[in-house]
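Below: one structure, written as structure tokens.
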Amino acid sequence: MDEISTGLDSSTTFQIVNSLRQTVHILNGTALISLLQPAPETYNLFDDIILLSDSVIVYQGPREHVVSFFESMGFKCPERKAVADFLQEVTSRKDQMQYWARKDQPYRFITANEFAEAFQSFHVGMKLGEELGTPFDKKKGHPAALTTEKYGVGKWELLKACIAREFLLMRRNSFVYIFKCIQLTIVSCITMTLFLRTEMDRDSVEGGRIYMGALFFGMIFIMFNGMPELSMTITKLPVFYKQRDLLFFPPWAYALPSWILKIPMTFIEVSVWVFITYYVIGYDPNVERFFRQYLLLVLINQMASSLFRFIASAARNMIVANTFGTFALLVLFALSGFVLARDKIRGWWIWGYWISPLMYGQNALMVNEFLGHQWSRVPPGSNESIGLQVLKTRSFFHESYWYWLGVGALVIFVVLYNVFFTLALTYLKPFEKNRAVISEKPQSNDQANGVGGSIQLTDHENSSSHVNRSEIQDDIQRSASSSKSFSLSDATLRTNGKKKRGMVLPFEPHSLTFEDIYYSVDMPQEMKEQGITEDDRLVLLKGISGAFRPGVLTALMGVSGAGKTTLMDVLAGRKTGGYIEGTITVSGFPKKQETFARVSGYCEQNDIHSPHVTVYESLLYSASLRLSNDIDAETRK
């Protein structure tokens, strides 16, 4: 248990630790608790003490021997000094000297490492070393004591959970996929009117080049249709890294659904393009070649989506991914064999031509089309068909097996990019977040003019306050005029030609004064049963007066139960029950909760924001708790 005393008074902490002590002793359990400056009676409840300093264990053993260990090192705990405070200070460079007990020897600072070495020769450390030196008999261990699995459930269950999560995300992002289909429909309609078959020539090499351009445009557009994977993958990476490091699931269980569940969408998107454009543009009417082109474009879209997912997982940043992704696309286009023919590529760049996935996809598309029946006519004076001549003009391969070679190469690239995507998810870490740097140089009162708030009061037992009335009236008058004085200093800063350190606040500070604040609640039934019949009400605040003033930082202190939180709740308007009496003004005007809540903030002691949820999620949760049931979910959002 880590810092369980935060926000608790010493009495409550003692009761909790005492209950834990009895539970551990009766049930033979194990408990390790870290506490911040525990009270002496709480400290005495523990059996063993582990003292850490500078990442080194200085002492580990029974509580009764810890003071004697430091006495053997020359440091003595004073009689009325709490042992817990002594242990925290004796290893500190600033406070260690005051506990030096060997007056006949000169003092020198003893480091944590020296304490740790000396502990090994102390009788407690020697006994601990002997116990740890004896190997533990694993047969005596309980089978459930240590987990033998890295993840909480089986691989198949993890995969099903990731598939369900990915499907849910696809449903939430359904607008993206609907928009892509609409975009494909619009562009395919434009394309089929641009490359209209009635205006296209299929009896010449020049006409074949126009068809080649139509094929290249379709392939490029289908490839660009997978680019949204770049931004969607990067958006999901922060959550993935957090869940991966917490061993929610292995990276492969996350990567597989991202690939497999997108395949049906690929079939739908490519269907929109091919079914609209194929016969209107006038490609080879053979239905077999129709489905061959459909298969190739499906593989090209899958290859592009896998490539963009890999780039996103490797870059891990939107700016880097867009820069690198654009560069990779330009290289692929330049070396695909269409922008620059194969025989025009220099020898030192020809390797890029052979590793470009677009080259294999484009060669397969060209072979599928120009080896078809409508391009088999042989013109007079030539022994080659028009389709063969078209392929040779751009140095494309003209063997029919290049179609299946292109299909196989695209399948390999799809698998390869998804493997790289999985490896990047497995081994790469997220970029460090930028953090604001706060200057350690303190501000002077002039620089901090108008930047703060204060409570000026005296908090005594039974929440009573006895303050000099003349002093309070002076404070109230100064507080009421603070907003006016700020406007003067504001104008001075703006008109003064000399440069001054500091800044003009973008808001007008207000003062908050309160006088004779009484807060009472109905007498609890438990107290009535105990025989308390003095009044019908239990008074928690009795005549509290004070002021908040801009530019002053004040600590409100008092023992537990003195009424600090109650006063703050009353001033902030958080008390919805009980009876409040007294005067509260804001810059001299009576306080109205409706407007005061819009210009003030109140951080309660139980306002702890969990780092595992977003601020938006916390607000939704708070709205669900605070708003009535007749308000629907959309209104709450």
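- Taking the centre and axis of the six-membered ring of Tyr403, the NZ or CZ atom of Arg289 falls outside the cone set by 45° and 6.0 Å.
- At least one test fails for Arg309 against the ring of Tyr417: distance under 6.0 Å to the centre or angle within 45° of the axis.
- A salt bridge is absent between Lys262 and Glu269; no separation between the charged side-chain nitrogens and carboxylate oxygens falls under 4.0 Å.
- Here the side chain of Gln389 pairs a donor or acceptor atom with the backbone of Glu384 at under 3.5 angstrom.
- Relative orientation of the Phe324 and Phe327 rings is tilted, given thresholds of 30° and 60° on the angle between their planes.
- The backbone N or O of Ala255 sits nowhere less than 3.5 Å from a side-chain atom of Asn418 that would complete a donor-acceptor pair.
- Using bins of under 30°, 30° to 60° and over 60° for the plane-to-plane angle, the ring pair Phe217/Phe195 lands in the tilted bin.
- Judged purely by atom type and a 3.5 angstrom limit, Tyr360 has no side-chain atom pairing as donor or acceptor with the backbone of Ile355.
- Tyr283 places no side-chain N or O within 3.5 Å of a backbone atom of Thr277 that could act as its donor or acceptor partner.
- Between the Ser356 side chain and the Tyr353 main chain, no donor and acceptor come within less than 3.5 Å of each other.
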Residue pair Leu297, Leu365: steps toward the side-chain contact (heavy atoms from CB on, under 4.5 Å) verdict: CA-CA 9 Å; Leu297 293 180; Leu365 281 173; 4.3 Å; yes
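- A perpendicular orientation is assigned to the rings of Trp375 and Tyr211, their planes being inclined by more than 60° (bins at 30° and 60°).
- Panel note: side chain Lys180, backbone Asn225; a donor-acceptor pair is recorded below 3.5 Å.
- Between the CG atom of Leu158 and the CH2 atom of Trp252 there is a distance of 7.0 Å, given to the nearest 0.5 Å.
- With Tyr177 contributing its side chain and Arg171 its backbone, the two residues share no donor-acceptor pair below 3.5 Å.
- At distances below 3.5 Å, not a single donor-acceptor pair connects side-chain atoms of Arg165 with backbone N or O atoms of Ile163.
- In the model, Thr266 has a side-chain atom that pairs as donor or acceptor with a side-chain atom of Gln302 under 3.5 Å.
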Residues Thr191, Trp273; criterion side-chain contact (heavy atoms from CB on, under 4.5 Å); working and verdict: CA-CA 10 Å; Thr191 305; Trp273 176 267; 3.5 Å; yes
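- Residues Phe308 and Phe421 keep their aromatic ring centres 6.0 Å or farther apart.
- Ring geometry for Phe216 versus Phe333: interplanar angle over 60°, hence perpendicular rather than tilted (30 to 60°).
- Between the side chains of Arg394 and Gln362, no donor N or O sits under 3.5 Å from an acceptor N or O.
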